[in-house]
Protein chains: 2
Amino acid sequence: MKPIDVFKALSNETRLNILQWLKEPEKHFPKQGAHLPKEVSYKGGVCVGDIQEKANASQSTISHYLNMMQKAGLLESVRHGQWTYYRRNEEVIRQLAEYFETEI
Amino acid sequence: MKPIDVFKALSNETRLNILQWLKEPEKHFPKQGAHLPKEVSYKGGVCVGDIQEKANASQSTISHYLNMMQKAGLLESVRHGQWTYYRRNEEVIRQLAEYFETEI
DNA sequence: ATTATATATCGAGTTTTCTCGATATGTCAA
DNA sequence: TTGACATATCGAGAAAACTCGATATATAAT
């Protein structure tokens with residue numbers, strides 16, 4: 001986890017929104033595609049299409065953003081069939097908050 | 001304090017270094033210019049020239065960086081004669097850590 | 001096999017950031 | 001008031017990030 005990559009990832013309103021939406025997926029993605037049972041689906045994250053729809057940017061842009069956020073360590077992904085589900089990597093985010101408090 | 005401006009300010013290695021150096025100015029700027037009595041000087045921050053020397057970038061670049069960091073809220077400045085001293089704005093940085101914990 | 005759907009990758013034009021040297025401004029000393 | 005020094009601002013070329021549409025890949029359904 002390189003702090004600078006994380007800060008870059010957070011330097012964009014859409015990406016910051018995505019990270020915050022994924023804190024409460026049930027709230028921000030209510031009509032979540034029923035490709036999976038609800039429990040699994042929410043725990044497993046939200047699929048790219050749903051995120052794209054809410055973020056209102058092109059499909060390629062959102063895919064790129066999610067990849068960047070994952071490389072920075074903020075997100076993790078699981079593939080189920082043709083869908084890729086992204087969710088927060090809470091462990092890394094916790095470390096990051098700690099880094100912020102002690103190193104910044 | 002806009003989080004995105006802060007994250008942008010932190011997205012650069014030199015600026016991140018400056019912020020961290022200013023946590024312990026005595027340690028990182030030992031041969032601090034004696035323009036002011038030591039107590040005053042360290043409390044008041046470090047002057048642009050000393051920061052520039054350590055950061056190893058041009059004078060205009062460092063001046064620009066410091067200004068950007070101040071606008072983001074991370075630093076504050078005091079002018080004494082021909083020198084401008086920059087120091088951390090600990091209050092804003094504290095708020096920021098809190099924002100990080102609760103909102104990110 | 002073919003078609004349809006979801007996501008990833010590619011290529012490129014646009015915008016923003018980076019970084020510098022040159023110059024302007026402000027302050028002190030002689 | 002002139003000269004020297006510290007810092008700020010300006011202008012611009014180079015590099016990086018943004019963002020899109022087009023296309024490729026992977027999976028599922030028929």
Side-chain angles (χ1 to χ4, degrees), chain A residues 2 4-19 22 29 31-36 40-41 44-72 74-87, chain B residues 2 4-19 22 29 31-36 40-41 44-72 74-87:
Chain A
K2 296 180 201 160
I4 289 194
D5 290 340
V6 173
F7 293 135
K8 279 186 186 168
L10 297 175
S11 297
N12 173 286
E13 190 164 9
T14 300
R15 291 192 296 264
L16 196 53
N17 283 337
I18 290 172
L19 193 63
L22 291 178
F29 303 93
K31 45 173 191 165
Q32 157 110 266
H35 328 111
L36 284 176
V40 180
S41 186
V46 179
C47 72
V48 179
D50 288 353
I51 297 172
Q52 185 209 338
E53 189 180 344
K54 189 164 174 73
N56 202 34
S58 80
Q59 189 269 323
S60 58
T61 296
I62 296 302
S63 181
H64 177 211
Y65 282 3
L66 294 171
N67 184 256
M68 174 185 321
M69 292 169 82
Q70 179 168 26
K71 279 188 178 152
L74 294 166
L75 301 182
E76 54 193 353
S77 69
V78 195
R79 179 135 208 181
H80 283 290
Q82 43 190 335
W83 291 275
T84 306
Y85 294 84
Y86 283 89
R87 67 182 169 205
Chain B
K2 297 179 199 160
I4 289 194
D5 290 339
V6 173
F7 293 135
K8 280 186 185 170
L10 297 175
S11 297
N12 173 285
E13 190 166 6
T14 300
R15 291 192 297 265
L16 195 53
N17 282 337
I18 290 172
L19 193 62
L22 291 178
F29 303 93
K31 45 173 194 168
Q32 157 111 263
H35 329 110
L36 284 176
V40 180
S41 186
V46 178
C47 73
V48 179
D50 288 353
I51 297 172
Q52 185 209 338
E53 189 179 345
K54 190 165 174 70
N56 202 32
S58 79
Q59 188 270 323
S60 59
T61 296
I62 296 302
S63 181
H64 177 211
Y65 281 3
L66 293 170
N67 184 257
M68 174 186 319
M69 292 170 81
Q70 179 168 28
K71 278 186 180 153
L74 294 167
L75 300 183
E76 53 193 352
S77 69
V78 195
R79 179 137 207 182
H80 283 291
Q82 42 188 337
W83 292 275
T84 306
Y85 293 84
Y86 283 88
R87 67 181 171 207

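Numbers restart at 1 for each chain; the letters A, B, ... are given by sequence-line order, proteins then strands.
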What integer distance in Å separates [X]:[atom1] from [N]:[atom2]?
{"X": "A:Q52", "N": "D:dC20", "atom1": "CD", "atom2": "C1'", "result": "12 Å"}
{"X": "A:N67", "N": "C:dT9", "atom1": "CG", "atom2": "P", "result": "6 Å"}
{"X": "A:E53", "N": "C:dT7", "atom1": "CD", "atom2": "P", "result": "12 Å"}
{"X": "B:L66", "N": "D:dT9", "atom1": "CG", "atom2": "P", "result": "12 Å"}
{"X": "A:K71", "N": "C:dA8", "atom1": "NZ", "atom2": "P", "result": "12 Å"}
{"X": "A:I62", "N": "C:dA6", "atom1": "CD1", "atom2": "C1'", "result": "14 Å"}
{"X": "A:I51", "N": "C:dT7", "atom1": "CD1", "atom2": "P", "result": "9 Å"}

With sequence neighbours excluded, what pairs up with B:S63 under the side chain to side chain contact (heavy atoms under 4.5 Å, CB included) test?
B:Q59
State which residues pass side chain to side chain contact (heavy atoms under 4.5 Å, CB included) with B:K54; sequence neighbours excluded, sorted by chain then number.
B:W21, B:H28, B:F29
Polar atom pairs (N or O), protein with nucleotides 12-18 of chain D, under 3.5 Å:
{"residue": "D:dA17", "atom": "OP1", "partner": "A:K8", "partner atom": "NZ", "Å": "3.3"}
{"residue": "D:dC18", "atom": "OP1", "partner": "A:R15", "partner atom": "NH2", "Å": "3.0"}
{"residue": "D:dC18", "atom": "OP2", "partner": "A:R15", "partner atom": "NH1", "Å": "3.4"}

When every nucleotide of nucleotides 21-30 of chain D is labelled 5' to 3' by its protein contacts under 4.0 Å (heavy atoms), B for base, S for sugar-phosphate only, - for none, what sequence of letters results?
BB----BS--
What's the spacing between A:L66 CG and A:L22 CG if we round to 0.5 Å?
8.0 Å
Considering residues at least two apart in sequence or located in another chain, which fulfil the side-chain hydrogen bond (donor to acceptor under 3.5 Å, both in side chains) criterion with B:T84?
none
Compare every heavy atom of A:A9 with every heavy atom of A:L74, then report the nearest pair and how far apart it is.
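Nearest pair, atom of A:L74 first, then A:A9: CD1-CB, 3.9 Å.
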Contacts satisfying salt bridge (Lys or Arg N to Asp or Glu O under 4.0 Å) that involve residues 4-19 of chain B (not counting sequence neighbours) are none
Just wondering, do B:F7 and A:L16 contact through their side chains at under 4.5 Å, heavy atoms?
yes
Using a 3.5 Å distance criterion without hydrogens, assess whether the side chain of B:E76 forms a donor-acceptor pair with backbone atoms of B:Y86.
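Judged by distance alone, no pair lies under 3.5 Å.
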